[in-house]
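Accompanying notes for the structure given below.
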Amino acid sequence: MKFLQLQETLRETVRVTARNEFDIELENVGSEIPPKTELGDVAFPIAFELAKKIKQTTGEKQNPREIAEKLKAALEENEAVERVEVAGAGYLNVFFNRAKFLIESANAEPLPKLKSSENKTSPKVCVEHTSVNPNKAAHIGHVRNAVLGDTFVRILRAIGKRVEIQYYIDNTGVQVADVVIGFTNLENMSLADIKNLDEKLAAENNSFDFYCWDLYAKVGLAYQTDEELKAKRAEVLHLIEEGNNPTAELADYVVTRNVQCIVATMERFGIRYDLLPRESEILHLHFWKKAFEEMQKREVIKFETEGKNAGCWVMPFELHSGNDEHDADKILVRSNGTVTYTGKDIAYQMWKLGLLGLDFYYNLFHTYAGGKQVWITTAEDLQSENVPEFGKNETVYNVIDSRQSYPQEVVKKGVATIFPEKGEAASVHLSYEMVALSPSAAEELGFVISDEDKQKSFIEMSGRRGLGVKADDLINRLEANALKEVEARHADLSVEEKQKTAHIIAVGALRYFLLKFTRNTVIIFDFKEALSFEGETGCFCQYSAVRANSIFRKLSEKGEEVSNFKEQISDAKKIAEIFNAVDGNEIWSVLTLASRLEETVSQAAMAIEPALLAKYTFQLAKAFNLFYHNHKIIAQENPIKRHVLVAVADITRRSLTSALNTLGIEVPERM
RNA sequence: GCACCCGUAGCUCAGCUGGAUAGAGUAUCUGACUUCGAAUCAGAGGGUCACAAGUUCGAAUCUUGUCGGGUGUACCA
């Protein structure tokens with residue numbers, strides 16, 4: 001809608017007037033939403049600032065109210081503006097022409113369809129998220145990562161960006177080695193045995209990643225007493241990295257099966273990927289070697305010949321001053337010649353930004369329902385056809401929890417040091433705080449909590465300890481609860497419809513629960529709160545949209561279609577009377593709130609904060625519920641008022657639906 | 001030690017680049033289904049915005065300090 005543009009136009013008017021009348025250049029003109037509709041639709045507390053600046057430049061003392069009067073006249077020239085009031089010590093409160101606004105909004109899209117997201121030549125950005133190690137099932141912490149990443153993707157697309165979604169597969173890390181050791185040493189299984197087990201699990205309706213979850217925890221436990229087993233880890237890790245041997249083959253099977261499970265889990269939450277880049281290819285296709293050469297050529301790393309880092313290649317840093325215990329420099333190549341994770345990450349980041357000069361080979365990994373494809377990298381050229389163009393991104397957003405902000409800083413600064421022409425702005429760490437368990441939630445999961453842990457306000461989840469809420473378990477519980485509610489309300493629906501509805505509600509509940517917290521808030525997981533369908537929840541927002549839709553279903557049954565109403569919304573004078581009536585402000589405030597979606601999405605994109613959109617969606621749903629209770633639409637007798645109410649309800653439900661979809665939440669038919 | 005994050009109602013959290021009377025949800029209490037759907041709505045109580053100083057027309061928001069909590073600071077990933 002045109003709320004955003006109107007606000008920008010008014011801002012420009014303020015800027016121009018300040019220049020012409022007072023010879024003052026205003027860089028950014030702040031605006032705010034007045035606390036009450038009665039105080040206007042947008043306010044500029046700019047006169048105070050102008051008074052100060054005039055005094056600074058000319059020494060002349062001017063009354064803010066007089067300054068505001070001059071701006072008021074200029075703002076009132078805009079025909080979308082009904083009037084401007086100067087309030088308090090110098091607030092400029094702008095009131096829009098309500099009837100005109102409604103007429104224009106009735107036919108506008110809540111989020112304008114932007115062509116550039118489909119334009120193949122416009123610059124592309126990359127969002128990398130999920131990054132669950134492929135050795136176990138995903139837990140709720142991983143889901144926070146994926147939901148944040150996925151929602152940010154939807155926000156970027158809504159503002160017209162082309163986006164590439166990657167899930168990095170760390171298939172040569174120690175976690176994978178640990179599970180491999182579990183299979184080969186604790187369970188004495190061969191690859192064939194594992195395949196048999198996999199089939200058996202599938203037949204029993206158990207999943208491979210859940211099995212690995214338990215096995216990984218067992219290995220962790222065994223390490224505590226079995227030094228010999230722990231020593232085996234380095235050996236297995238080396239074999240996996242090297243490739244082309246039975247251990248690597250076994251590891252590859254385990255990894256691929258886990259990735260399949262995790263991709264399927266995420267699909268349940270509406271999360272899909274474009275590409276799964278694997279660490280093994282970064283090694284085998286010599287990405288690191290190329291990056292290393294580039295760093296040497298540009299002289300941004302040095303070989304230490306003495307001191308405690310002797311024999312290592314390091315990247316010098318002044319990130320933090322460093323002291324006796326901790327070095328300021330970051331080791332990229334160990335003294336034994338192997339590359340650290342951060343080193344590999346720099347090479348990967350270079351590739352993502354199109355700076356490496358090398359590329360992967362690709363193979364189709366999976367085709368989603370509806371035909372969308374997800375690709376995986378390979379080390380050999382498999383002559384795949386119709387491979388999309390990956391990499392070469394303008395900007396890269398890495399969704400990684402805040403505990404990794406130091407290595408992320410190294411990657412960002414590292415790449416920027418190697419390629420000053422690209423700069424630091426191209427690498428964005430989309431950082432967020434972890435999901436932890438309250439001691440009581442951990443006990444509820446059946447874990448024995450130490451006295452020390454009981455004292456803590458929260459307990460970190462740990463794959464190694466098998467401590468965590470598994471994503472599939474949680475969504476299963478949510479679906480079961482939702483199904484009970486749907487059955488109680490809509491017994492007449494078919495089983496499929498009930499299940500589909502329960503699924504949509506469950507996803508809405510979980511996604512909203514994870515998105516309503518701002519990124520740097522630690523979520524202390526609480527079952528009661530996460531499982532709730534009441535209050536500030538996704539379900540609340542969905543319910544609001546469902547009720548709105550049911551009004552239009554009823555209207556449609558009576559043969560009244562929305563398009564007819566739009567045509568009848570034309571008589572500005574009569575519409576104005578409705579808005580000027582006692583309950584006019586209430587109707588108007590829902591309309592203006594519904595018109596702020598585009599602005600909110602753009603704010604969420606700028607601030608990289610999906611919670612802004614989640615909060616807005618809830619506010620809008622709440623405003624609609626109030627409107628719904630106070631105004632009977634179908635029964636409304638005054639025809640003009642009825643048209644206005646229908647138009648406002650329609651604009652609101654479309655905005656609400658768009659907002660929810662941008663959060664990855666669907667609106668069911670009935671619930 | 002150093003770096004980053006956090007401290008707002010009993011609890012869980014919002015509060016945008018400083019702006020009008022600090023807001024939600026939840027919990028507690030009270031009311032509303034013969035109505036376009038009660039997974040809803042209305043009302044009540046509940047605050048020294050950790051503490052102190054500073055910046056200014058104006059501070060929960062910015063600066064500094066103090067206290068309390070978290071995370072990181074690996075030749076782990």
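Below, all heavy atoms of this structure are taken into account, side chains as well, without hydrogens, waters or symmetry copies. We name chains A, B, ... by the order of the sequence lines, and we start the count at 1 in each one.
Residues A/His129 and A/Asn145 share a closest heavy-atom pair of CB-OD1, 3.4 Å.
Scanning atom types as modelled, no donor and acceptor separated by under 3.5 angstrom connect the side chain of A/Ser550 and the base of B/C36. Contact annotation: side chain of A/Asn93 to base of B/A20, donor-acceptor pair present below 3.5 Å.
Rounded to whole Å, the distance from CZ on A/Phe48 to C1' on B/U55 is 18 Å. The nearest whole Å value for the distance from the CD atom in A/Glu536 to the C1' atom in B/A27 is 16 Å. The interatomic distance linking A/Lys330 (NZ) with B/G72 (C1') rounds to 11 Å, in whole Å. Atom CE of A/Met434 and atom C1' of B/U71 are 7 Å apart (whole Å). When rounded to the nearest whole Å, the span between CZ of A/Arg547 and P of B/A38 equals 6 Å.
B/C33 adopts a syn glycosidic conformation, its chi angle falling within 90° of 0.
When distances run from any side-chain atom of A/His629 to the nucleotides B/A38, B/C57, B/U40, the shortest one goes to B/U40. Set against B/U40, B/A20, B/A77, the side chain of A/Ala87 has B/A20 as its closest nucleotide.
For B/A3, the OP1/OP2 oxygens have no side-chain nitrogen or oxygen of A/Tyr406 closer than 4.0 Å.
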